[in-house]
Number of protein chains: 2
Amino acid sequence: MKRKSITSRDVAKLAGVSQSAVSRCFSPHAKVSQRTREKVMAAARELGYRPNTIARSLITRSSRTIAVVTYSLENPFYSFVLERASRFFQQQGYHLLLFFAPPNGGFDAVLDEIIQSQVEGVLMLAITLDGEQASVVADFGIPVVIINRTVNYTGISQVGSDNYAGGFWAGSYLASLGHRRIAFLAGLPDSSTNRQRHDGFVEGLKSQGLTCHSLEVGNYRYEDACHATRRFFAAPSPPDAIFSANDLMAIASMETLRHELGLTVPDDVSVIGFDDMPMAAWPSHSLTTLKQPVDLMIMKATELLLEQINETESTPQQLTLPVTPMLRNSTRRPGRGGASGQTSN
Amino acid sequence: MKRKSITSRDVAKLAGVSQSAVSRCFSPHAKVSQRTREKVMAAARELGYRPNTIARSLITRSSRTIAVVTYSLENPFYSFVLERASRFFQQQGYHLLLFFAPPNGGFDAVLDEIIQSQVEGVLMLAITLDGEQASVVADFGIPVVIINRTVNYTGISQVGSDNYAGGFWAGSYLASLGHRRIAFLAGLPDSSTNRQRHDGFVEGLKSQGLTCHSLEVGNYRYEDACHATRRFFAAPSPPDAIFSANDLMAIASMETLRHELGLTVPDDVSVIGFDDMPMAAWPSHSLTTLKQPVDLMIMKATELLLEQINETESTPQQLTLPVTPMLRNSTRRPGRGGASGQTSN
DNA sequence: TTGAAAGCGCTAACAG
DNA sequence: CTGTTAGCGCTTTCAA
């Protein structure tokens, strides 16, 4: 099934013009006479000619390709971001190379592939990289924008939301509701998002004279969060409120609480998530959460990347966008105060 | 931010060898002496040299790239398939070019981009194309595999599941449960999956002496399915069971039924979905559905594509894989029979 | 084993 | 406006 590869030369021969005339006909800013263009187009159609993008890229030194790297699509928040950002770039005439970060290490190899593939920019979704990895790409002169993760390296643009403030709100709000045994359901322990949300949370609790009651790790994943929840409630003193580092885990937690542990949300346990993915608003879940301004994040990230690609010496930026508490029904109504009833499993 | 582009020639100069020697050092099956290899590698490291994939592709005429085309990632079923298939190809050393089908037409342009981008194969997720579109790609000699959609063209490999049988089961099973007003919540009306599931469903009902009570279109989308559900129950004689053409719509329907229309599932209305995406098993939904053998589908599709890429004259295949009913709690228990209680909105 | 030379298919000066 | 000419960075014969 090897295609015979019709080249511009073949078309030129058939049309009775030079090869460069053919090339011009397929370039946007061409200056070709009507007559030649017609002859060329006719010949091209007859032969089924398509310009070879690879050859074009080689000479123009522009691949019009952007790499998108992502950690996983299990979380619908990220498939949403991926789709939106991809459609945007596609509309701008870019191709998208998709890379998944390998589950256990080997990310350096992916970084290498990206560099070799001559992409003009890299969009990273929730990718944690260390300073060295970051500098490898940046030193190569490829613009990089990271969405929803922070790296300690100013050479790379970063778009995120105010995880600390969100965590702070969650902690203080749960305390203000009268909860006293407030737990943290952690995401990937090494991720900046997890750290920042956790730190804010702890400070928020502290502002109300509380400390973090307990912590379990859910790695931002559904199944892991179910297990973490079971662990919380197998303990002698289970929490009466949970702040989860993302929505997916928060929902996992509620599912486990309600349908496996026989507890009621929010009467027995209040739950707060983070992201506000579409599903969080579904009535079954009705999850109180911190809304990340996803549209704005995508807009800023794509804008930033395009800017760095097009403008020489545009400086990388670190953006922290505000989050918004979305009060729904996974948390108690305010004003009732007091201690919560306890139900053991 | 233009990278200065270190070429193999630069490395050669520094290492004091010929340019082709450098090339050989970066080719898998090279025959290079230990001494030259060391010199070259040292020079390469010093300069930060990376072979240019584009130039390599041009000369080897193999891009080691596969295009993945998808309609939307709103449905987690497809983000799951995308992730799994992508990881597989990535592991096999392929790059993935991601394309989204534009919402309203303009798919021909995307097809054109794909052809021009010199990919070695195309994986289409739930993409509906007509015979002409199909033949354009196939005539170009690019292997194509379509997952979860059927096109009337044998030149293209197609991997799907037995939509008709699934529909048939849903129709006859709901009837056997005693339901008499059984409706169809349709996906994209023009899609083969929707047609096949619908046809099977109608036959399944017929086998029990019933006809389709009513039909609304949800376009495989959450919001549309919510509206469709409202329309079902605004009618003078609402259904007492719904077969939804996919899980996402089935869940949308249940959300609307339970939390907006005040109805109970399965007591007032039974609901059956299609796909068995992970979320369908979450206890809140506990959706009875038809499981598509997603792992097998991915395996077969990737296998088929690789085979067609590597083996000249491997013939395209059309695979129909079996679906499995997953009985959960969105349908009544069997054996109760009888008419259902009716609740108006 | 290594280097020289010939392109892959295309764009981009440069003359005409 | 058109054709000629020179490469883009690499792989791959072919001699040495």
Side-chain angles (χ1 to χ4, degrees), chain A residues 2-41 43-44 47-65 113 115-120 140-141, chain B residues 2-41 43-44 47-65 113 115-120 140-141:
Chain A
K2 207 73 220 152
R3 47 221 106 109
K4 41 214 166 153
S5 218
I6 287 122
T7 75
S8 56
R9 202 159 243 106
D10 300 326
V11 177
K13 203 171 296 170
L14 181 63
V17 297
S18 78
Q19 180 267 331
S20 50
V22 176
S23 169
R24 279 192 272 261
C25 287
F26 286 89
S27 296
H29 327 287
K31 304 140 51 63
V32 199
S33 73
Q34 194 60 24
R35 263 183 47 75
T36 346
R37 160 157 275 129
E38 273 163 18
K39 282 193 296 184
V40 167
M41 287 316 197
L47 296 174
Y49 169 72
R50 297 284 199 301
N52 181 326
T53 307
I54 292 186
R56 174 179 295 175
S57 296
L58 182 59
I59 194 161
T60 61
R61 326 12 238 296
S62 92
S63 61
R64 288 209 69 83
T65 297
E113 297 254 330
I115 293 177
Q116 292 187 32
S117 62
Q118 310 295 119
V119 296
E120 300 186 6
F140 214 82
Chain B
K2 207 74 219 155
R3 50 222 103 111
K4 39 211 166 156
S5 218
I6 286 121
T7 75
S8 55
R9 199 159 247 106
D10 300 326
V11 178
K13 202 171 299 167
L14 181 64
V17 296
S18 78
Q19 179 268 330
S20 47
V22 177
S23 169
R24 280 191 270 261
C25 287
F26 286 89
S27 296
H29 328 287
K31 303 143 48 64
V32 198
S33 71
Q34 194 59 25
R35 261 183 50 71
T36 13
R37 159 157 276 127
E38 274 162 17
K39 281 194 295 183
V40 166
M41 286 319 197
L47 296 174
Y49 168 74
R50 298 286 200 300
N52 181 326
T53 308
I54 293 185
R56 173 179 295 173
S57 296
L58 182 59
I59 194 160
T60 60
R61 294 85 187 296
S62 92
S63 61
R64 288 209 70 84
T65 297
E113 297 253 331
I115 293 177
Q116 292 187 30
S117 61
Q118 311 293 118
V119 296
E120 300 186 8
F140 213 83

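Each chain gets a letter, A, B and so on, in the order its sequence line appears, and its residues count up from 1. Note that the coordinates shown come from a computational prediction; the quantities given were computed from them, not determined experimentally.
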Checklist entry - Taking the side chain of A/K31 as its heavy atoms from C-beta onward, which of C/dT1, D/dC1, D/dG9 lies nearest to it? => result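 The listed nucleotide nearest to A/K31's side chain is D/dC1.
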Next on the checklist: Counting only side-chain heavy atoms from C-beta out, which of D/dC1, D/dG3, C/dC10 sits nearest to A/T7?
Outcome noted: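 My answer, after comparing the listed nucleotides, is C/dC10.
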Just to verify, what does [X] make a side-chain hydrogen bond (donor to acceptor under 3.5 Å, both in side chains) with, not counting sequence neighbours?
X: A/S23; answer: none
X: A/S18; answer: A/S20
X: A/S57; answer: none

Checklist entry - When rounded to the nearest 0.5 angstrom, what is the spacing between CG in B/N52 and CD1 in A/I115? => result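 One finds 13.0 Å between CG of B/N52 and CD1 of A/I115.
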Checklist entry - Heavy-atom distance under 4.5 Å between the side chains of A/M41 and A/Y49, does that happen here? => result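 No, too far: nothing below the 4.5 Å cut-off.
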Next on the checklist: Quick check on the helix from C/dT1-D/dA16 to C/dG16-D/dC1: what's the angle between its two end axes, five base pairs per end, to the nearest 10°?
Outcome noted: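 That helix has its two terminal axes inclined by roughly 40°.
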Checklist entry - How long is the line joining CG of B/N52 and C1' of C/dC8, in whole Å? => result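 Rounding to the nearest Å, CG of B/N52 and C1' of C/dC8 are 13 Å apart.
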Item to check | For atom CD1 of B/I6 and atom P of D/dC10, their distance in whole Å | outcome: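 The answer, rounded to whole Å, is 11 Å.
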Checklist outcome for this item: In B/S/- notation (B base, S sugar-phosphate only, - none; protein heavy atoms under 4.0 Å), nucleotides 11-16 of chain D written 5' to 3' is BBB---
Next on the checklist: Need to verify one output field. Residue with the more 5' nearest nucleotide on DNA chain C, B/L58 or B/R35?
Outcome noted: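 Going by which nucleotide is closer to the 5' end, it is B/R35.
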Next on the checklist: For B/S63 and B/Q118: C-alpha separation, side-chain torsions, deciding distance, then whether side chain to side chain donor-acceptor pair (under 3.5 Å) applies.
Outcome noted: CA-CA 7 Å; B/S63 61; B/Q118 311 293 118; over 6 Å; no
Next on the checklist: How close do A/F140 and B/G48 get, counting heavy atoms only, and between which atoms?
Outcome noted: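 Heavy atoms only, the tightest pair is CE1-O, 3.5 Å.
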Checklist entry - Got a sec, which residues hit salt bridge (charged side-chain N to carboxylate O under 4.0 Å, His left out) with B/R56, two or more places apart in sequence or on another chain? => result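 Applying salt bridge (charged side-chain N to carboxylate O under 4.0 Å, His left out) to B/R56 gives none.
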Item to check | Any A/S18 side-chain N or O less than 4.0 Å from OP1/OP2 of D/dG3 | outcome: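 For D/dG3, OP1 or OP2 has a side-chain N or O of A/S18 closer than 4.0 Å.
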Checklist entry - Closest nucleotide of DNA chain D for A/T36 versus for A/R9: which of these residues is on the 5' side? => result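 With A/T36 and A/R9 compared, the 5'-side residue is A/T36.
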